[in-house]
Protein chains: 2
Amino acid sequence: MGAGTLIRPRQRSRVATRQKADQLLEAAAAIIAEKGFEATAIRDVGRRLEVSLGGMYYYFASKDDLLFQIQFRTFGALLAEQERAANLPGSAEDRLRGLLVGHLAFFAEHPNEMKICTFELESLKGDFYDRVLTIRRKYYRLMEDAIGELTGSRDRRTKDADRTRHVTLFVFGMLNWAFMWYKSGKDGPVEAVAAEMMDLLLHGARKRRDAR
Amino acid sequence: MGAGTLIRPRQRSRVATRQKADQLLEAAAAIIAEKGFEATAIRDVGRRLEVSLGGMYYYFASKDDLLFQIQFRTFGALLAEQERAANLPGSAEDRLRGLLVGHLAFFAEHPNEMKICTFELESLKGDFYDRVLTIRRKYYRLMEDAIGELTGSRDRRTKDADRTRHVTLFVFGMLNWAFMWYKSGKDGPVEAVAAEMMDLLLHGARKRRDAR
DNA sequence: ATGGATTTCGAACGTTTGTTCGAAATTCAC
DNA sequence: GTGAATTTCGAACAAACGTTCGAAATCCAT
């Protein structure tokens, strides 16, 4: 019994409640990813873990809060992981490749949550929407910086800043569309898909006979 | 007073009802695109054109039917337009460029309907889902064929049939993600965006000093 | 003008939903 | 074991929804 416990002699292991909330968030993500946010009943989420309807309101302030927490936590975790990847040593090409792999890997590990982030952003209202958008913007800049090193627009206000912007949006399109088709069995590991994407960015998609 | 009117002397100009149905579909698309299908009340769609709730059920068999008609008509029209574009004479490069322009132009002209096609496919059930999927598959093949000419996998079962598949899915990702950011004022005409996309497919996105 | 078909409406029904609330059950430091 | 804080529950509520239905209004060829 360290002295630390004396400072906050409250009740119940806080971790246990946090874990239960996490389980509920995971179950909610599975249902929302399948049926959509509006079509998902908060009752059904609780039922999956045998929590009563009233009990759900001990863990979440509202249905909107549930959706917010899914998106905020998910995108926050993705941003944190990718910031690490962006700061790894290596060439610009290596960094971008790492980001592509990281994004797809995160997608493959949390398909429900990421599908929700893609589909249900606009279901968030007011402050919830703003806070998620802030993270998304940070993440966008992270990716745009890495792509800018490739397209070669170091300084802003250049004419090809617009080109970098569009290429970045193209890349996000490719990445975020992956949940519509990616199956690890059919399409191979995410590293292979990322490599194909990188190849497109480096050399285009035309038939070529030469190596590389 | 042509003789043709004698054959079907029914009532009311059929065109008028068809037009009203089209107006309702357009209004529905605007609301569904903004709030999502589940969150959209069939009452509100009618209210926008001063049609009572009961009146809506004269034009549409159910709420699901409404969503189906939006997607079926929209994607059907897109497919028809693009089949024309795919059969125009010209090089493989020209054909693909035409398809990219056509897709983006259709997107820019019918943003609400296309957003619904992208977001609410899985809200369709049973036969509705199947019929829309059939059109989508035709459209996918159309695009994959054009891209295959570029990547160079003429025959099936080749190893780079997989590559063509992935490149096609990358392209669809770029195209379908456009509604998240494209504004004609900020991003220029769709032809310019299509040209940037084509440039990426032909040469990649790396900085290059040489022309082309 | 008439009559049969088309079009429109208003009211009602049964479900389902998010949320609230107070009481019961449970937990844990002492 | 005791007691206060935490956790869980069940019931209830008002609002909103899709759908049905029969009657009213409208239309148009004759």
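Scope of the values below: all heavy atoms of this structure, side chains included, with no hydrogens, waters or symmetry mates. Chain identifiers are assigned alphabetically (A, B, ...) following the order of the sequence lines, protein sequences preceding nucleic acid strands; residue numbering begins at 1 within each chain.
Of the candidates C:dT17, D:dT19, C:dT8, C:dT17 carries the atom nearest the A:A41 side chain, counting heavy atoms from C-beta on. Out of C:dC9, D:dC17, C:dT17, the shortest distance to the side chain of A:R43 is found at C:dT17. Among the nucleotides D:dT8, C:dT8, C:dT19, the one closest to any side-chain atom of A:S62 is C:dT19. The nucleotide whose nearest atom lies closest to any side-chain atom of B:S52 is, among D:dA12, C:dC9, D:dT19, C:dC9.
The residue among B:K20 and A:Y57 whose nearest nucleotide of DNA chain C is located toward the 5' end is B:K20.
Put simply, CG on A:D65 is 14 Å from P on C:dG18, counting in whole angstrom units. The distance between atom CZ of A:F60 and atom C1' of C:dT20, rounded to the nearest whole Å, is 18 Å. The CZ atom of A:F37 sits 8 Å away from the P atom of C:dG18 (whole-angstrom rounding). Distance A:Y59 OH to C:dT19 C1': 18 Å, rounded to the nearest Å. A:I31 has its CD1 atom 11 Å from the P atom of C:dT17, to the nearest Å. Here D:dG10 presents its P atom at 11 Å from CG of A:L53, a figure rounded to the nearest Å. Put simply, CG on B:L24 is 11 Å from P on C:dC9, counting in whole angstrom units. Between B:E50 atom CD and D:dA25 atom P there is a gap of 19 Å when expressed in whole angstrom units.
Checked by atom type, the side-chain pair B:E83/B:N87 shows no donor-acceptor distance below 3.5 Å.
With A:Y182 contributing its side chain and A:G188 its backbone, the two residues share a donor-acceptor pair below 3.5 Å. Under a 3.5 Å cut-off, the side chain of A:K186 and the backbone N or O of A:W181 do not form any donor-acceptor pair.
No cation-pi contact links B:K63 to B:Y57, judged by a cut-off of 6.0 Å to the six-membered ring centre and 45° from its axis.
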